[in-house]
Amino acid sequence: MANESIRNMLDRPEAGGPGVVQGWLRSVRHGKGVSFLDVSDGSCLAGMQVVADPGTEGFESVVRGLGTGSAIRAEGEVVESPGKGQRYELHASRVVLVGEAGADYPLQKKRHGFEFLRSIAHLRPRTNTLGAVLRVRNAASMAIHDFFQREGFFYLHTPIITASDAEGAGEMFRVTTLPEEDPPRDAEGRVDPSRDFFGRPTFLTVSGQLEAEIGALALSRVYTFGPTFRAENSNTARHLAEFWMVEPEVAFCDLGGLADLAERFLKSVFGDVLDRCEDDMAFFEKRIESEAITRMKRVIEEPFERIPYREVVSILEKSGQDFDFPVGFGLDLQSEHERWLTEQHVGRPVVVTDWPASIKAFYMYRNDDDETVAAMDVLVGGVGEIIGGSQREHRLPILEETIRAQGLEPDAYWWYLDLRRFGSVPHAGFGLGFERLVQFMTGMANIRDVAPFPRAPGLVEF
Ligand code: ATP
Ligand code: MN
């Protein structure tokens, strides 16, 4: 018999006909002369109810001894379900035990705390919540590719090992093959990177942006979508040490065009995910965040508000709110400011534009006021900053000057500067943290619960 997922089985136009279900038991109920097995194969949120009775082959030898977590194969007939909440069920003619789970199986029918589930990350994809998260991640990934492909972007694979530091700041993971014991040293006794694998210090990338700019200045529109790494020791609910980033980069584009792109992008991805993950999203709305679907719909339907940073500062100063962190020109916005602005003050996504040059990276386009740069952060409710981007400085002298002013060495950026020597054009791009996007969609409070294998300080077991 052909292998049919539960999802496909539930999509059958009508009941009747043979069916095979293979999956793991979420719960088992044994009644008098009948057993109800709730089987999940992960293909959708719903499981398939398998009904077995003494006429079922294996009823006494297999079914009556089954417990949660075991893997089974059930063959039988797909019939209308008299029970509530499910369309069909399988009347089993035969049940086979494929893989037993003993009584010490750690997942039981009751709800488990997310922190506990993190300690059994090898089993938590079998829970409703994590299963739904993984399916939403999948749908969102495809929606992201679909959007960019439709808009004529090329998917560019930027490197994971890099010799350049995109932000001009630390917090990178070192990549080395030098021996721990007695590594080669230079004349001053320091570990000698020239004898390392690449002949110089190398790191895991914090962003594919600099390389994406190479792509944009040849293919006009590119995007990267890959893992990025930050060794920041921040134990927050929205930072991971390893996360996936989506980074479009567009030639002949300014900050206004970039904000338009970000808005079209989020609307398109949210629309697709709502279409493709109806059951999973309904689950998040019921169990995790009662606004999950509503706030996605609001992002889709309402225009984003654009406010210059300078104005944001004055709005925050006049807000009468008792913020923990100070507000003022030249200070970064904290999560509390971001959330108040977008949730309370505007009630819609906000694009904060034109930030003080003093707190932004060297590659951002310097505005005419010589004090701000053409940068933007897109803020959404619940999460705060979801996208950070900028128009890039494409004028060689200004870029060189900023690199020096930030204490960096222009020579180290020779190829990046070359792009400003040979056919430089205005261009812009942004970075979206994929896990922050999933957090927003699902309403999951902690970013560690939207990554299948979260990496954070001290968290690396699975
Ligand atoms: P934040 O201020 O929230 O720490 P950032 O300004 O350092 O973020 P960028 O360098 O602008 O972040 O990165 C672009 C996007 O990547 C952010 O808007 C965010 O969505 C995501 N991001 C950044 N750092 C992390 C992290 N440690 N874990 C998960 N996502 C992140
Ligand atoms: Mn940012």
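Both counts, for ligands and for their atoms, begin at 1 and track the order of listing.
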With a 3.5 Å cut-off and sequence neighbours excluded, list the donor-acceptor pairs that the side chains of residues 428-448 form with protein atoms.
residue : atom : partner : partner atom : Å
E435    : OE1  : W244    : N            : 3.0
E435    : OE2  : R137    : NH1          : 3.1
E435    : OE2  : R137    : NH2          : 3.0
R436    : NE   : R238    : O            : 2.8
R436    : NH1  : E385    : O            : 3.0
R436    : NH2  : R238    : O            : 2.9
R436    : NH2  : H239    : NE2          : 3.4
Q439    : NE2  : A237    : O            : 3.2
Q439    : NE2  : M444    : O            : 3.3
Q439    : NE2  : A445    : O            : 3.1
T442    : OG1  : V438    : O            : 2.8
T442    : OG1  : M444    : N            : 3.2
N446    : OD1  : R448    : N            : 2.9
R448    : NH2  : N235    : OD1          : 2.8

(message) Quick check on contacts: which atoms of ligand 1 are under 4.0 angstrom from a heavy atom of L240?
(response) 26 (C), 27 (N), 28 (N), 29 (C)
(message) What I'd like to find out is whether the side chain of F329 reaches to under 4.5 Å of the side chain of R310, using heavy atoms alone.
(response) yes
(message) Can you check which of E385, M245, R230 brings a heavy atom nearest to atom 24 (N) of ligand 1?
(response) R230
(request) Quick one: sort the Y309 and W355 rings into parallel, tilted or perpendicular, breaks at 30° and 60°. (result) tilted
(request) Check whether any heavy atom of E435 sits under 4.0 Å from an atom of ligand 1. (result) no
(request) Provide the number and element of each atom of ligand 1 under 4.0 Å from a heavy atom of G388. (result) 18 (O)
(message) Looking at Y416, I'd like to know if the NZ or CZ of R420 sits under 6.0 Å from its six-membered ring centre while staying within 45 degrees of the ring's axis.
(response) yes
(message) Does this structure show an ion pair linking R230 with E232, if we count only N-O contacts that are shorter than 4.0 Å?
(response) no
(message) Using a 4.0 Å cut-off to any heavy atom of I447, which atoms of ligand 1 qualify?
(response) 29 (C)
(request) Can you label the angle between the F225 ring and the H145 ring as parallel, tilted or perpendicular, going by 30° and 60°? (result) tilted
(message) Residue-level breakdown please: for H239 versus ligand 1, do any non-hydrogen atoms fall below 4.0 Å on the side chain, on the backbone, on both, or on neither?
(response) both
(message) Is the ring pair H394/Y365 parallel, tilted or perpendicular, if the boundaries are 30 and 60 degrees?
(response) parallel
(message) Could you tell me, atom by atom, which parts of ligand 1 come under 4.0 Å of a heavy atom of R238?
(response) 3 (O), 28 (N), 29 (C)
(message) So is V378 touching ligand 1 or not, going by heavy atoms under 4.0 Å?
(response) no
(message) For D370, is there an ion pair with R366 - N to carboxylate O distance below 4.0 angstrom?
(response) yes
(request) Name the option, out of F440, F243, W244, that contains the heavy atom nearest to atom 26 (C) of ligand 1. (result) F243
(request) Using a 4.0 Å heavy-atom cut-off, say whether I386 meets ligand 1 through its side chain, its backbone, both or neither. (result) backbone
(request) Please could you name the atoms of ligand 1 that I387 approaches to less than 4.0 Å, counting only its heavy atoms? (result) 18 (O)
(message) L432 versus ligand 1: do any nitrogen or oxygen atoms come within less than 3.5 Å of each other?
(response) no
